[in-house]
Amino acid sequence: MTARKGNSQTGWQIFRWPLLMALANAIGLVAALVGDGWYDLVSWVTLGLTLIVIVAAWRGWSAR
Amino acid sequence: MALSQTGIRRWYLVHKWTSIVCTAFLLMFCITGLPLIFHHEIDEMTRAPAMAGQVAERPVNLDALGRQALSKHPGWTMMFLSWDPEKPIIYAIVGPKVDAPNDQVEIIQYDARNGERLDAPPLDEGVMAFLLELHSELLLGIPGQLFLGLIGVVFLVAVVSGVVVYAPFMRKLPFGTVRKDRSKRVKWLDTHNMIGIVTLGWVSVVGLTGFIITMTLPITMIWQMDELAEMAAPYKDAKPPTKLTSVNAAVATVRAAVPDGKVSIVAWPGSQFSTKHHYMVALAGNTPLTERLINPAMVDAETGRLTDVREMPWYVKTLFLSAPLHFGDYGGLPLKIIWALLDIAAIVVLVSGLYLWLGRRRVPIEKRLAELQSGGVAETQAVPEPAE
């Protein structure tokens with residue numbers, strides 16, 4: 001891909017958002033396993049965020 | 001990070017072929033899995049045993065319960081007792097032999113508050129049990145389960161290769177792009193990539209834990225050869241007990257020795273989860289994490305003496321923790337609903353992937369690679385498609 005010119009993104013730029021999403025997923029998956037109550041709430045919010053991003057992106061939002 | 005042309009071509013082909021191999025099975029997983037997320041709730045509504053709200057509680061004698069369970073099957077034997085984690089129900093699992101396969105056993109339900117037999121439809125029949133058998137073993141028993149494990153490995157390769165080809169596609173596109181103003185193909189390509197990458201964490205965990213669960217039999221066998229063999233070693237020259245000691249006393253001994261453990265299963269001597277000389281009494285902890293990690297307490301089935309209480313080895317713990325992470329049944333109903341919606345998102349990724357493949361089968365690979373590396377632009381310019 002070295003021949004490509006113009007405003008190409010680096011690997012970090014491409015993957016920083018996906019990594020953040022994966023991290024949120026990981027926190028959500030583990031949280032509910034560790035405890036109840038607040039821990040469950042953390043897992044609903046972080047995993048629910050995935051669904052919100054899907055709907056937002058489908059409706060036209062993007063990171064730039 | 002940057003891949004060579006050959007590298008992209010290879011990874012593209014890996015993604016294409018691994019996906020083709022497993023898509024049909026994954027659609028089956030996702031579609032049968034959707035109602036299975038609510039297995040417990042559906043059973044509760046349709047097949048739960050009729051239980052009195054209040055009964056006069058009295059201590060249950062497990063020996064008497066065992067005799068009652070066998071009364072309709074002369075010559076059969078007790079295999080396991082199991083306690084429901086939520087409801088006051090004891091399940092007695094009986095079979096023609098102590099190591100009988102799943103399809104020969106019968107499960108009888110008892111009220112844990114007074115030991116009365118409950119009138120309930122069999123647990124291993126009905127629509128949900130059928131869906132579970134399809135989902136977990138293609139209705140083919142152990143070979144089906146191991147085959148699906150293989151599909152799981154292919155799926156994980158498809159996920160990894162999908163992430164690799166995501167990079168060249170997204171070089172010029174911001175995260176989350178879904179272009180609806182170009183062509184139908186670009187829209188679905190963007191949707192496939194966006195949902196695929198956003199659900200990556202969840203899908204990988206559900207896929208990996210699903211694979212681990214298909215390894216239940218090999219993992220059990222390793223445990224039998226490793227720890228059970230070690231616990232049976234002192235009995236090398238002894239004959240299996242001809243008359244078993246009281247199971248009620250065995251459980252009481254374990255409860256007295258480990259007061260904060262919750263007895264969840266008793267396995268009879270010679271069954272899959274014990275030695276020929278012990279009752280295995282499984283103890284669950286009482287925190288959200290430790291209630292999934294049961295520890296075996298071994299009671300000599302001839303003397304009634306507690307011989308060993310130990311932790312499970314790491315590979316069995318991994319198997320135990322895979323179950324909640326696969327089923328999503330560990331964070332209340334909201335987590336189950338999120339699980340179901342993520343499952344639907346996965347179906348969208350599968351169907352859009354299928355659509356993308358079917359729409360371009362006869363196109364030379366160079367063109368498809370050009371499409372990939374231009375973020376979906378080049379190819380559409382070369383072969384214009386009617387926009388919606």
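All values derive from a computational prediction rather than experimental measurement. Chain naming here is simple, since letters A, B, ... match the order of the sequence lines and numbering starts at 1 in each.
- Using non-hydrogen atoms only and a strict 4.5 Å limit, the part of residues 198-207 of chain B facing chain A consists of B/Val198, B/Thr199, B/Gly201, B/Trp202, B/Val205.
- With a 4.5 angstrom heavy-atom cutoff, B/Met194 touches chain A only via side-chain atoms.
- Both the backbone and the side chain of B/Val163 come within less than 4.5 Å of a heavy atom of chain A.
- Remark: the backbone N or O of B/Ser161 is not paired with any side-chain donor or acceptor of B/His15 at under 3.5 angstrom.
- Annotation: salt bridge (charged side-chain N to carboxylate O under 4.0 Å, His left out) contacts involving residues 35-60 of chain A, sequence neighbours excluded, are absent.
- Put simply, of B/Pro324, B/Pro334, B/Gly328, the one with the most heavy-atom pairs under 4.5 Å next to chain A is B/Pro334.
- Side chain of B/Asp343 to backbone of B/Trp339: no donor-acceptor contact under 3.5 angstrom is found.
- Under a cutoff of 6.0 Å and an axis angle of 45°, B/Lys180 and A/Trp58 form a cation-pi pair.
- In terms of non-hydrogen atom pairs under 4.5 Å with chain A, the most contact-rich of B/Gly331, B/Gly332, B/Gly7 is B/Gly331.
- Listed for the B/Ser374 side chain is a donor-acceptor partner under 3.5 Å among the backbone atoms of B/Val377.
- Legend: residues meeting side-chain hydrogen bond (donor to acceptor under 3.5 Å, both in side chains) with B/Tyr315, ordered by chain and number and at least two apart, are B/Asp226.
- Of the two parts of B/Leu342, the backbone and the side chain both hold a non-hydrogen atom closer than 4.5 Å to a non-hydrogen atom of chain A.
- Looking at B/His326, its side chain never comes within 3.5 Å of a backbone N or O of B/Thr209 through a donor-acceptor pair.
- Between the A/Gln9 side chain and the B/Leu173 main chain, a donor and an acceptor come within less than 3.5 Å of each other.
- When each of B/Asp190, B/Thr290, B/Leu335, B/Ile197 is scored by its heavy-atom pairs under 4.5 Å with chain A, the top score falls to B/Leu335.
- Within the structure, the salt bridge (charged side-chain N to carboxylate O under 4.0 Å, His left out) test picks out the following pairs touching residues 324-336 of chain B (sequence neighbours left out): B/Glu41-B/Lys336, B/Arg292-B/Asp329.
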